[in-house]
Amino acid sequence: MLDTVKRPQSSAATHCTSSDYETMYRRSVEDSDAFWLEQAERLDWVKAPTKGGEWSFDPVDIAWFADGKLNLCHNAVDRHAASRPDATALIFERDDPQSAGRTLTYSELQSEVVAMANALKAIGVKKGDRVTIYMPMIIEGVLAMLACARLGAIHSVVFGGFSPEALAGRIEGCGSRFVVTADEGLRGSKRVPLKTNVDAALAEPDHDTPLDGMLVVKHTGADVPMTEGRDHWYHDVRSNADCPCEPMDAEDPLFILYTSGSTGKPKGVVHTTGGYGVWTATTFNYIFDYQPGEVFWCSADIGWVTGHSYIAYGPLLNGATQVIFEGVPNYPDHGRFWQVVEKHKVNILYTAPTAIRALMREGDDFVTKHDRSSLRLLGTVGEPINPEAWRWYFEVVGEERCPIIDTWWQTETGGCMLTTLPGAHDMKPGSAGLPFFGVRLQLVDNDGAVLEGANEGNLCITHSWPGQARTVYGDHERFVQTYFSTYAGKYFTGDGCKRDEDGYYRITGRVDDVINVSGHRMGTAEVESALVSHPLVAESAVVGYPHDIKGQGIYCYVTLNAGEDGSDALYTELRNHVRTEIGPIASPDHIQFTDGLPKTRSGKIMRRILRKIAENDYGSLGDTSTLADPSLVERLIEGRQNR
Ligand code: ATP
Ligand code: MG
């Protein structure tokens, strides 16, 4: 049983108290269409929808608000520019803290989006075209997304840290004939050769779709080759001509986004306009509990779904003020996040466990030397957060003043699905919390039998919600196979989960990562949390491997705090520590100390690679193209062989 932490009383008014939650949740499931049609009124519609959800999970066919028409760029930009032209929309903080940033009001944001949309038109982009956006975290990245939405083009953002091969696959995958990029990106003072990478991607041997046009934003001023007739500097083709928003059907695709690839080849997930717009607008309002005038900061990259839903769309659909951060948490030092919080008086911060653990490892001084009194709410997303890191975030960063929202969701869900609401619920460190409005969950066992009450099983969703992905681009069969074939008639998340007697849900890890030791099922997240609660451990990843006696043994990869070395004594101490924390059944069979863990570019640990290495099976590591540091794999194999 997890401890409960009482929710701190937030000074601001709240959009949802605990009794509101009960009533609204009940209505959202009992009278779903009426509830969501009402939420849809947050947006301006060219033609208001009269239909709510029309969907089936068998066969798989999903639509929401199907007879409505709207444009999300109008909703994110123009309507606020009309009503509150001087309100701040974006605050740009550059990689180098010494460089002057930039601030755009909603009226300026509108002019800039129009300029970008005209530039896209100038290179030939039309409604329905796919446009690949390969950008650094600069304002123009967000502009390009919104400009696509304005024209009815479908954006496909590819994280700026991806290699030319990975980029080529994603351009090819959706038949995109247009790319928006920059000369170079900057991250932690390092230059990223974006334009050169695009050229290299297009030169890949198996890339055969010619590009019709490329827009290049001048960012660092680096000298880059431009192909005559195909490549255009953004500043040469931008214009302020009139550029109206294209009215879109609610079910017209808004974007394609590839999943992070933790579990296999990335999938090009498709989200549509109306349902996604309503979902991101509604979740942002209630979960981040945004109040007028507050400053919101989501530290994700626009290359991930978090940057789509809680940078480009959710906050802007709500007319919020937000920070766009180009840099990284550890440059110029490990205090950078808190310095940005202090400088821009950030009220709401949304980041990932990987960043929290990395900063925690460096000690409290980097945090406490900056004024964080503006902070009101702290959020986390991306992986299970271990209670140790949760407590540090709550106690050190937020001084026990700020509620924490641990939001569970996926690229496929479009926005947050499980969380506590800051004005409504107490928190349990390590547990995401309760279902958001309209989210209907089920835990099932491996045979698909429904598990009731406090229980542990595979997490499924039984009813559609507006933000649900509609398909995998160009491969509906893969969509059906991946999500709807394991348990007929249900969306299977791929995650294992525990529900307690208060109805709180705790994600235990990917189902593939649940280990069975002598008949006891154990989530890898649980053993990892125990390891990380040891003062010398910075991070850990746990996998199962074949064990003659127990069926599966517990193999732990452990990264220690800066400056610490793994000794035999520490090895024994850690084993005993896990035994005390969880019990003898969880006692690690092997601990491998390592200087790092293989992570996707979005910072998620790729356990399937660790599983292969633990199994001594190096031949079939699978797709490693989304790894942040491929060289680490060699070092891990070496460490494994030396045991
Ligand atoms: P792929 O589907 O290609 O393997 P991915 O699942 O890593 O990639 P995302 O959609 O970015 O791609 O991540 C969603 C997953 O991240 C969830 O299924 C879950 O495993 C994990 N996750 C996200 N947020 C949380 C959270 N708050 N707590 C626990 N796990 C989380
Ligand atoms: Mg996934």
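Note that ligands are numbered from 1 as they come in the structure, with each ligand's atoms numbered from 1 the same way. These numbers were taken from a predicted model, which means no experiment stands behind them. Quick note: residue numbers are just sequence positions, from 1.
- Residue contacts with ligand 1 do not include Val305, since none of its heavy atoms lies under 4.0 Å from the ligand.
- Residues Thr181 and Asn197 fail the side-chain proximity criterion, which asks for heavy atoms closer than 4.5 Å.
- For ligand 1, the atoms sitting less than 4.0 Å from at least one non-hydrogen atom of Ile507 are 29 (C), 30 (N), numbered in the order shown with element in parentheses.
- The cationic group of Arg601 does not satisfy the cation-pi geometry with Phe159, failing either the under 6.0 Å distance to the six-membered ring centre or the 45° limit from the ring axis.
- By the 3.5 Å distance cut-off applied to N or O atoms, Thr407 is counted among the residues near ligand 1.
- Heavy atoms from both the backbone and the side chain of Pro384 come within less than 4.0 Å of ligand 1.
- Contact atoms of ligand 1 toward Asp495: 17 (C), 18 (O), 19 (C), 20 (O) (distance under 4.0 Å to a heavy atom of the residue).
- Pro266 does not count as a contact of ligand 1, since none of its heavy atoms falls under 4.0 Å from the ligand.
- Side-chain contact annotation: Gln468 with Tyr491, donor-acceptor N/O pair under 3.5 Å absent.
- Remark: Tyr290 engages no residue in a side-chain hydrogen bond (donor to acceptor under 3.5 Å, both in side chains) (not counting sequence neighbours).
- Of the polar atoms of Ala432, none of the N or O atoms is found under 3.5 Å from an N or O of ligand 1, judged by distance alone.
- Distances between N or O atoms of Thr411 and those of ligand 1 include at least one value under 3.5 Å.
- Proximity of Trp409 to ligand 1, defined as any heavy-atom pair under 4.0 Å, is confined to the backbone N, CA, C and O atoms.
- Side-chain contact check for Thr482 and Lys267: no donor-acceptor pair (N or O, by modelled atom type) lies under 3.5 Å.
- Which of Met606, Lys267, Glu383 comes nearest to atom 28 (N) of ligand 1 through a heavy atom is settled by distance: it is Glu383.
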Exercise. Check step by step if side chain to side chain contact (heavy atoms under 4.5 Å, CB included) holds for Tyr134 and Arg170.
Key: CA-CA 11 Å; Tyr134 183 64; Arg170 287 161 176 75; over 6 Å; no

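- Between Tyr310 and Phe288, the ring planes lie tilted relative to each other; the angle falls in the 30° to 60° range.
- With sequence neighbours left out, Lys612 forms a side-chain hydrogen bond (donor to acceptor under 3.5 Å, both in side chains) with no residue at all.
- Taking each of Met417, Arg510, Lys604, Arg608 in turn, the one with a heavy atom nearest to atom 6 (O) of ligand 1 proves to be Arg510.
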